[in-house]
Amino acid sequence: MSDLELFEEIKQKLIEQNRSKEDIKSVEKAYHFAKKLHEGQYRVSEEPYIIHPVQVAKILVDLKVDTHTLIAAFLHDILEDTQTQPEEIKELFGDDVLSLVQGVTKLSKLKFKSNEERQAENFRRLFIAMANDIRVIFLKLADRLHNMRTLNFMAANKQQKIARETLDIFAPLANRLGMGKVKAELEDLALRYLEPDKYFEIAQLVSQKKAEREQTVQLLIDKISKDVKAAGINAQITGRAKHYYSIYCKMKRQNIAFHDLYDITAVRVIVDSEKECYEVLGLIHSQFKPIPGRFKDYIAMPKGNLYQSLHTSVIGPRSKPLEVQIRTWQMHEIAEYGVAAHWRYKEKGSEKADNASDLQFSWMRKMVEYDKEMANATDFVNSVKLDLFSDQVFAFTPNGDVLDLPKDATPVDFAYRIHSDVGHRTIGAKVNGRIAQLDTKLVNGDIVEILTSKTQAPRLDWLNFVVTKQASQKIKQWFKKNNREEHIEIGRTNLEHELTKTVFDEYQKQGEFEKIAKQMNYISEEDLFAALGYGETTLNKIINKIQKPKEKSVEFRTSTRKKSEKDIIGLEGMMYSFAKCCSPIPGEPIVGVVTRSKGVTVHRIDCKTLENIEPERMMDIQWAGTNTNKTYTTTIRVETADKLGILKDIIAAVSDNNTNIINANVKSRNNVGIIEIGLELDNIETLKKVTNCLQALPDVFSVKRIQTSSQNKQNKQNNKSKNNGKNKNKK
């Protein structure tokens with residue numbers, strides 16, 4: 001279908017939606033403007049590029065978005081892919097349209113250290129723009145949905161990357177916005193490229209059982225139809241299989257086969273009023289036996305994404321279990337289109353839903369708070385994914401205020417969400433009027449009353465069960481600032497008990513604890529004891545430092561350098577060396593590259609330098625095993641808070657994993673500390689342990705394995721040579 005034919009469909013829908021002539025004229029103007037600018041541009045599928053913005057607009061017109069959002073759909077790639085300036089869009093279509101277009105425009109002209117950093121910043125900008133104007137995400141979701149529909153034209157590695165991003169970010173976002181129809185299609189399309197075997201297996205099984213399923217469902221529909229008609233209720237009743245991704249998740253979660261699933265089909269009843277929803281529920285339960293524990297009233301207790309329905313599961317005809325959903329037409333439209341539908345219903349009234357606060361989506365406003373707190377874009381996106389896209393629990397204060405928390409949140413998390421002062425003074429909690437333990441996991445609808453004392457006295461063991469970052473950080477901060485003398489005494493006593501008093505006194509006399517304190521980034525031995533007292537460090541970490549005789553470590557490092565038997569299968573009798581660019585370590589996939597003068601060079605299979613290597617020069621090889629007396633070197637980059645003494649924390653964490661540091665380079669950039677460390681390792685599992693240990697440190701932002709500086713210089717030189725060649729060709 002041509003872009004003009006698609007646009008005519010959009011135009012017809014606008015007429016059916018009773019849009020004004022001025023609105024239709026403005027949308028048509030945007031279409032012709034975009035078509036002219038994208039002239040000569042083509043997608044990977046080889047179709048004219050204009051097809052993409054028109055398809056995005058087609059998705060959005062079904063959501064019945066406002067005219068400015070539709071105009072922005074046609075223009076959303078203009079700033080990125082053409083020479084058009086923002087001023088021209090503003091002059092032709094106004095400030096509002098320009099703001100929407102800029103909200104979804106990627107950062108194409110800024111420089112970043114990596115694609116990951118660029119993408120993180122893209123998401124950060126998108127989330128903040130969305131928090132300011134919800135229509136931005138309507139545009140982005142429609143854009144992503146059409147890209148997913150045409151993903152088959154992309155290379156396999158890009159398919160995987162885009163599908164993973166869709167499943168991690170965009171599908172959960174559609175879910176949080178209540179856009180069930182968009183969410184389901186995004187998830188199914190992502191599954192098709194991430195787990196193609198599972199996707200097509202489920203599709204085939206659903207198709208094979210279709211006839212049998214439809215017969216069972218039709219019997220139930222016929223019975224319900226007769227009953228509701230007799231009761232004078234006007235209802236639409238339909239049945240359909242659940243979408244593939246939800247079936248896949250259930251099979252994976254419960255570790256069962258497709259044939260063991262009993263509720264892959266749902267019957268939906270749509271009526272005119274809320275009162276009729278409950279009447280239909282009564283009629284169904286009077287005819288079919290309900291399954292205990294499967295009834296959910298999302299009308300009285302709506303989900304956080306505005307979703308409302310009654311859900312019940314019954315033993316249907318032929319003794320087959322079936323799920324039934326009952327809702328009104330308005331609830332149905334909100335279930336399908338979420339915030340977009342809610343937006344329209346509010347616009348029909350006296351209020352105008354023109355921002356996220358009108359929709360009372362507190363989690364959107366939370367994005368702005370995250371942006372102020374996080375040091376970089378990657379941390380921001382990770383926090384958004386962790387706290388906003390995890391399963392949510394909605395609990396109430398006794399006054400009826402609702403707080404949204406991550407799954408498994410406790411009364412202590414609830415208290416700190418109210419205010420840090422409330423959290424610090426918590427001594428107990430009532431859940432639904434009954435005294436509950438502070439580690440109780442809250443569920444949707446719980447009414448939580450926090451019992452407090454006049455004085456602040458948080459407990460250290462709370463860190464074992466709180467799940468929100470906010471609670472964890474506030475508890476740690478309090479213990480660092482308060483009860484110092486008590487913590488020093490607790491730490492000293494625990495260490496003395498572990499070592500025996502005689503040994504403790506001897507070490508203290510020799511100044512051993514002062515040395516260890518400096519190694520672990522504490523100013524004095526008292527600070528070390530205090531940290532042990534309030535739980536910032538552990539007995540094992542301190543004991544490991546004082547029980548490593550220097551002679552033993554020297555002997556270990558010497559023995560690891562002794563030449564041992566060949567450790568690569570496939571290179572027997574051949575001269576080989578390990579590539580410095582990627583520093584392969586036992587346990588990770590490798591490949592051999594035949595060189596002209598150095599025999600075979602061993603690379604990690606994901607090494608970037610392999611992109612320019614001819615396939616015939618590559619050899620299939622593998623490690624003989626991960627248990628070896630040899631050590632291998634690699635380099636990691638640790639990004640941290642720009643804090644005095646952080647290097648000592650890093651060194652201590654590496655040493656705790658019996659790993660030798662060859663070299664370290666420290667620098668600071670934009671208030672971020674960058675520490676590059678050369679490590680001596682025996683296998684990939686040791687590297688993972690070191691990485692996990694470093695990432696657990698509170699002031700560490702990220703830990704990445706990097707190329708050596710010499711290889712980076714070589715890569716830059718190669719790129720420079722290529723560019724010079726291109727410039728000569730142009731001349």
Residues Glu506 and Gln510: side-chain donor-acceptor under 3.5 angstrom: yes
Backbone of Ala171 reached by a side-chain donor or acceptor of Asn175 within 3.5 Å: no
Evaluation steps, side-chain contact (heavy atoms from CB on, under 4.5 Å), between Leu528 and Ile542: CA-CA 9 Å; Leu528 177 68; Ile542 298 173; 3.9 Å; yes
Minimum heavy-atom distance between Thr166 and Pro172, given as atom pair plus value: O-CD, 4.0 Å
Check: Glu588 main-chain N/O paired with Trp623 side-chain donor or acceptor under 3.5 Å: yes
Any donor-acceptor N/O pair, Ser655 side chain to Ile651 backbone, under 3.5 Å: yes
Distance-only polar pair, side chains of Arg705 and Thr635, donor-acceptor under 3.5 Å: no
Nearest atoms (heavy-atom pairs only) where Phe578 meets Thr601: C-CG2, 4.4 Å
salt_bridge(Glu639, Lys704) N-O dist < 4.0 Å: no
Ionic contact status for Asp413 with Arg417, cut-off 4.0 Å: no
Main-chain N/O of Ala530 paired with Asp527 side-chain donor or acceptor, under 3.5 Å: no
Residue pair Leu610 / Arg604: nearest heavy atoms and the distance that separates them: CD1-O, 3.4 Å
All side-chain contact (heavy atoms from CB on, under 4.5 Å) counterparts of Thr633, not counting sequence neighbours: Ile662, Glu680
Gln695, CD atom: more than 12 neighbouring heavy atoms under 6.0 Å: yes
Heavy-atom check, side chain of Lys667 versus side chain of Glu676, under 4.5 Å: yes
Over all atoms of both residues, closest heavy-atom pair of Ile585 and Asn683: CG2-C, 3.1 Å
Side-chain heavy atoms of Ile621 within contact of Val602, under 4.5 Å: yes
Minimum-distance pair of heavy atoms, taken over all atoms of Ile677 and Ile675: CG1-CG2, 3.7 Å
Lys198 atom NZ, over 12 foreign heavy atoms within 6.0 Å: no
Side-chain donor or acceptor of Thr493 paired with backbone N/O of Glu489 under 3.5 Å: yes
Minimal non-hydrogen separation, Met148 against Leu186, with atom names: CG-CD2, 4.1 Å
Results of ring pair (Phe, Tyr, Trp, His ring centres under 6.0 Å) for Tyr199 - residues two or more places apart only: Tyr244
Side-chain donor or acceptor of Lys518 paired with backbone N/O of Ile523 under 3.5 Å: yes
Heavy atoms of other groups near Gln204 CD, more than 12 under 6.0 Å: no
For Tyr522, side chain to side chain donor-acceptor pair (under 3.5 Å) partners two or more places apart: Glu536
Pairing of Glu685 and Lys689 as salt bridge, 4.0 angstrom limit: no
Ion pair check, Lys183 and Glu187, cut-off under 4.0 Å: yes
Verdict with reasoning, Leu151 to Leu189, per side-chain contact (heavy atoms from CB on, under 4.5 Å): CA-CA 9 Å; Leu151 199 58; Leu189 288 168; over 6 Å; no
CG (Asp620) with more than 12 external heavy atoms under 6.0 Å: no
